[in-house]
Amino acid sequence: MAVSVRASILLTTTVSSLFLPSVTMAASSDAENAALRREIAAMHREMMGEIHRLQARVDKYEHASAPQNHRLARKPHTLIAGNEDDAQPRFREDPVVPVNNGPRSPNESRIALPESPVQSWGAFKAASAKDESVDVGGIKIGFPKGRPTIASDDKAYAFSIGLLAQEDFGGFMGVGQRGHESAGNFNKFTENARRLRLYLSWRYKDWVVNVTPDFGANNSDGNVSLFEANLNYTGLHNTTLTVGYFQPRMEEDSAERSGAFEFLERPTIVDLVRNIAGGVGRFSVGGEHYEKRWLVAGYFTGQKYGDRTNTTTITDSQTGGVFRATGRPYVSKNIDVHVGVGATAAFKVNQTGSGRNYTALKDNPEVPLGETQLLTSGALTNISQVWAAGPQFGFRYKKFLLKGEYYHIGVQHDNVAGNATLPSLNFDGWYVAANYTLLGHGRGYNEKIGAFTTPGVEYDFDPAKGHWGALEISGRWSVTDLRTSGTTINSAGTLVAADGKTGGNKQTVWQGGLNWYPNQHIKIMLDYTHFSVSSAAGVSTDLLGRSGNAVVGRVQAAF
């Protein structure tokens with residue numbers, strides 16, 4: 001329409017400019033031409049007025065159409081300094097979308113776990129699309145699961161910071177020494193920063209680097225170490241390949257992640273076997289693959305982070321391996337059955353100035369307050385290999401969960417180095433745990449880790465509306481037996497030690513726990529523990545045996 005109006009105006013103007021002078025010249029001598037000229041002048045004025053009105057309508061039409069047709073170039077916007085009396089600029093603010101405080105579905109309600117499996121690039125993009133974010137110059141800034149995340153528009157580049165903070169406090173009761181034994185370290189009340197981890201993650205598409213310092217890396221305050229530093233590739237379907245300092249997991253309880261534990265700590269037998277060739281900060285090369293009904297994982301492993309700092313005489317570092325396979329033979333809305341097997345082996349342990357010795361078979365009574373370790377196998381010297389293997393089982397019915405694991409540990413001596421025919425040592429341990437969710441969604445199964453995970457917070461804590469978060473109660477019985485027997489013969493055929501006892505002992509622990517989740521990021525735990533440890537044949541502080549009780553609480557924050 002604008003083009004046709006402009007053409008009409010141009011044609012009329014041209015005709016007027018050519019026709020009017022000719023008429024004027026032809027009628028210059030005619031008296032009647034004066035009246036004609038006045039009439040033509042009036043018509044010209046009227047025509048020019050009409051042209052101006054048409055031009056105004058054209059300009060108005062083009063101005064209204066430009067935002068829709070994008071035919072008009074925008075003038076550049078220039079910022080200039082204003083006086084302090086001038087009106088201050090205001091930036092547009094999008095309406096605030098309220099946080100979902102409930103109700104949540106079971107999958108949406110799970111507790112935030114910073115140690116979740118590494119996402120592929122596709123999964124990361126899909127997850128990020130559901131989260132609220134701010135777009136600043138092609139960079140997206142958001143807080144998925146409360147974790148600050150900066151990503152490029154296409155999510156190819158990303159950086160995020162996660163957190164797991166656990167503060168424990170409590171003490172022991174009735175752990176007095178027997179006879180003339182030393183009392184040991186069993187505080188009536190003390191505190192411990194158990195885990196203070198910052199999860200730093202860098203991504204380029206399917207390549208992800210994780211670096212996690214830990215400022216609460218042990219059972220006593222003040223220990224600072226490294227939880228992980230590894231490179232991951234996630235470009236294969238449901239598969240993560242890893243190299244670097246990592247925690248390969250062969251047990252169901254470890255696979256749950258430390259932020260999702262039913263109790264403050266793992267059962268003792270799980271702690272012992274996971275540290276043979278796995279554990280926190282272990283050099284690992286391998287990967288894992290999962291499907292809806294099964295998972296398989298395998299890693300070649302080396303020494304732990306800090307080994308050569310703690311023991312400067314290491315001349316040959318450890319090598320080993322970790323393997324795990326799980327399945328779900330039956331799955332329904334109300335029932336989940338988990339079965340699995342885990343195996344680990346140190347093909348050779350660290351060789352130091354005193355030979356190849358193994359000192360990791362000892363533990364506390366499953367209470368993380370820096371207490372004396374009563375359970376021990378005794379000194380294990382001239383060791384060639386250490387291995388462990390065992391089954392896993394779990395059964396969920398609605399909000400009730402029952403699970404257990406059993407592991408057998410075998411120790412092979414280096415008879416050449418020891419100049420004796422030393423027997424293989426065999427140890428055992430197991431646990432059975434039961435859990436029931438009182439409030440919120442019950443514990444569910446996560447096929448990505450091949451293990452059960454936390455309860456779900458259907459509604460955030462809000463007493464005014466009758467919402468109390470999630471609440472669960474748990475019980476556990478665990479036994480670890482490090483006693484063994486055999487016959488030790490030296491190279492000359494002489495009996496060295498009748499029955500070959502290592503001096504190890506047996507520990508039994510009964511625990512009850514209550515966990516409250518006011519929201520998806522905060523967890524408050526309270527555990528009661530009763531433990532009993534048999535005598536240790538002169539290698540520990542409990543020569544006459546020891547028993548006691550502990551009450552410990554924990555406050556946890558996870559993002």
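Side chains are part of it too, since the values below use all heavy atoms of this structure and drop only hydrogens, waters and symmetry mates.
A donor-acceptor pair under 3.5 Å is formed between the side chain of R396 and the backbone N or O of K398. Side-chain atoms of T437 do not come within 3.5 Å of backbone N or O of G440 as any donor-acceptor pair. Under a 3.5 Å cut-off, the side chain of Q392 and the backbone N or O of M250 do form a donor-acceptor pair. Of the possible donor and acceptor atoms, one in the side chain of R282 sits under 3.5 Å from a partner among the backbone N and O of N275. With hydrogens and angles disregarded, a donor-acceptor distance shorter than 3.5 Å links the side chain of N192 to the backbone of D221. Of the possible polar contacts, one joining the N223 side chain to the S220 backbone as a donor-acceptor pair under 3.5 Å is found. Here the side chain of S116 pairs no donor or acceptor atom with the backbone of P114 at under 3.5 angstrom. Under the 3.5 Å distance criterion, the side-chain polar atoms of N505 are matched with a main-chain donor or acceptor of L374. Panel note: side chain S284, backbone P248; no donor-acceptor pair is recorded below 3.5 Å. A donor-acceptor pair is defined here as one N or O able to donate and one able to accept, closer than 3.5 Å; such a pair exists between the side chain of R356 and the backbone of V349.
Residues F227 and R195 fail the side-chain proximity criterion, which asks for heavy atoms closer than 4.5 Å. The side-chain heavy atoms of R328 and E447, taken from C-beta on, include a pair separated by under 4.5 Å. At least one side-chain heavy atom of E191 sits under 4.5 Å from a side-chain heavy atom of F189. A 4.5 Å side-chain heavy-atom check between T319 and T301 finds every atom pair outside the cut-off. Residues N210 and F246 are not in side-chain contact: their nearest non-hydrogen atoms beyond the backbone lie 4.5 Å or more apart. Annotation: side chain of E366 is not in contact with side chain of F531 (no heavy-atom distance under 4.5 Å). In this structure the side chain of R257 reaches within 4.5 angstrom of the side chain of P117, judged on heavy atoms. Looking at F427 and L361, their side chains come closer than 4.5 Å, going by heavy atoms from C-beta outward.
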*Run the side-chain contact (heavy atoms from CB on, under 4.5 Å) check on R554 and V552 step by step: do they pass?*
CA-CA 7 Å; R554 169 176 292 172; V552 186; over 6 Å; no
*Might you work through the side chain to side chain donor-acceptor pair (under 3.5 Å) test for T240 and E288, ending with a clear yes or no?*
CA-CA 6 Å; T240 303; E288 56 186 60; 6.0 Å; no
*Evaluate the side chain to side chain donor-acceptor pair (under 3.5 Å) criterion for residues S120 and D206: first the C-alpha distance (whole Å), next the side-chain angles of each, then the deciding distance (0.1 Å), finally the verdict.*
CA-CA 6 Å; S120 67; D206 279 309; 4.7 Å; no
_Between L164 and S258, does the side-chain contact (heavy atoms from CB on, under 4.5 Å) criterion hold? Intermediate values first, please._
CA-CA 9 Å; L164 177 63; S258 52; 3.6 Å; yes
*Apply side-chain contact (heavy atoms from CB on, under 4.5 Å) to the pair V479 and D428, showing each step before the final yes or no.*
CA-CA 8 Å; V479 177; D428 297 278; over 6 Å; no
_Does Y233 form a side-chain contact (heavy atoms from CB on, under 4.5 Å) with V243? I'd like the steps, not just the answer._
CA-CA 9 Å; Y233 178 69; V243 58; over 6 Å; no
*Can you list the steps and then say if Q247 with R274 is a side chain to side chain donor-acceptor pair (under 3.5 Å)?*
CA-CA 9 Å; Q247 182 181 189; R274 80 186 186 96; 2.9 Å; yes
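Other residues, nucleotides and ligands place no more than 12 heavy atoms under 6.0 Å from the NZ atom of K448. Heavy atoms from other residues, nucleotides or ligands lying under 6.0 Å from CH2 of W477 number 12 at most. For Y397, the OH atom counts as loosely surrounded, since its 6.0 Å shell holds 12 or fewer non-hydrogen atoms of other residues, nucleotides or ligands.
For Q412 and S424, the side-chain atoms include at least one donor-acceptor pair closer than 3.5 Å. Side-chain contact check for T381 and N357: no donor-acceptor pair (N or O, by modelled atom type) lies under 3.5 Å.
In this structure, F559 and G146 approach most closely via the heavy-atom pair CD2-O, 3.5 Å. For the pair A277 and Q318, the tightest heavy-atom approach, listed with the atom from each and the gap, is CA-NE2, 3.9 Å. The two atoms that bring N238 and E291 nearest to each other are ND2-OE1, 3.6 Å, heavy atoms only. Contact record, L369 with G171: CD1-N, 3.9 Å, taken as the closest heavy-atom pair. Residues S201 and V208 approach most closely at OG-CG1, 3.5 Å, considering heavy atoms. Here the closest heavy-atom approach between residue E472 and residue P455 is recorded as OE1-CG, 3.3 Å.
Between W516 and F461, the ring-plane angle classifies as perpendicular under the 30° and 60° cut-offs. Under the 30°/60° scheme for interplanar angles, the aromatic rings of H408 and W387 are found to be tilted.
Applying the ring-ring contact (aromatic ring centres under 6.0 Å, His included) rule to Y305 yields the partners Y245; only residues at least two apart in sequence or on another chain are considered. With sequence neighbours left out, the ring-ring contact (aromatic ring centres under 6.0 Å, His included) criterion links H441 to no other residue. Under the side chain to side chain donor-acceptor pair (under 3.5 Å) criterion, Y445 pairs with H338, sequence neighbours left out. Here K403 pairs with E252, D253, E256 under the side chain to side chain donor-acceptor pair (under 3.5 Å) rule; sequence neighbours left out. Evaluation of the ring-ring contact (aromatic ring centres under 6.0 Å, His included) rule for F124 yields no partner, not counting sequence neighbours. Remark: Y290 pairs with no residue by the ring-ring contact (aromatic ring centres under 6.0 Å, His included) rule, at least two apart or across chains.
Within the model, atoms CZ of R197 and OH of Y199 stand 4.5 Å from one another, a figure rounded to the nearest 0.5 Å. Taking CD1 of I473 as the start and CG of N435 as the end, the distance is 9.0 Å to the nearest 0.5 Å. Atom-to-atom distance recorded for R104:CZ and E458:CD is 9.5 Å, nearest 0.5 angstrom. Note: D481 CG to I269 CD1 = 9.5 Å, rounded to the nearest 0.5 Å. To the nearest 0.5 Å, the span separating CG on D462 from NE2 on H467 amounts to 7.0 Å. One finds the CZ atom of F172 at 8.0 Å from the CG atom of N185 (value rounded to the nearest 0.5 Å).
Using a cut-off of 4.0 Å between Lys/Arg side-chain N and Asp/Glu carboxylate O, E115 and R249 are scored as salt-bridged.
Considering V270, L272, T480 as possible partners of D363, the one that fulfils the side chain to side chain contact (heavy atoms under 4.5 Å, CB included) test is L272. Partner of K362 under the side chain to side chain contact (heavy atoms under 4.5 Å, CB included) criterion, out of T376, D271, T268, L375: T376 alone.
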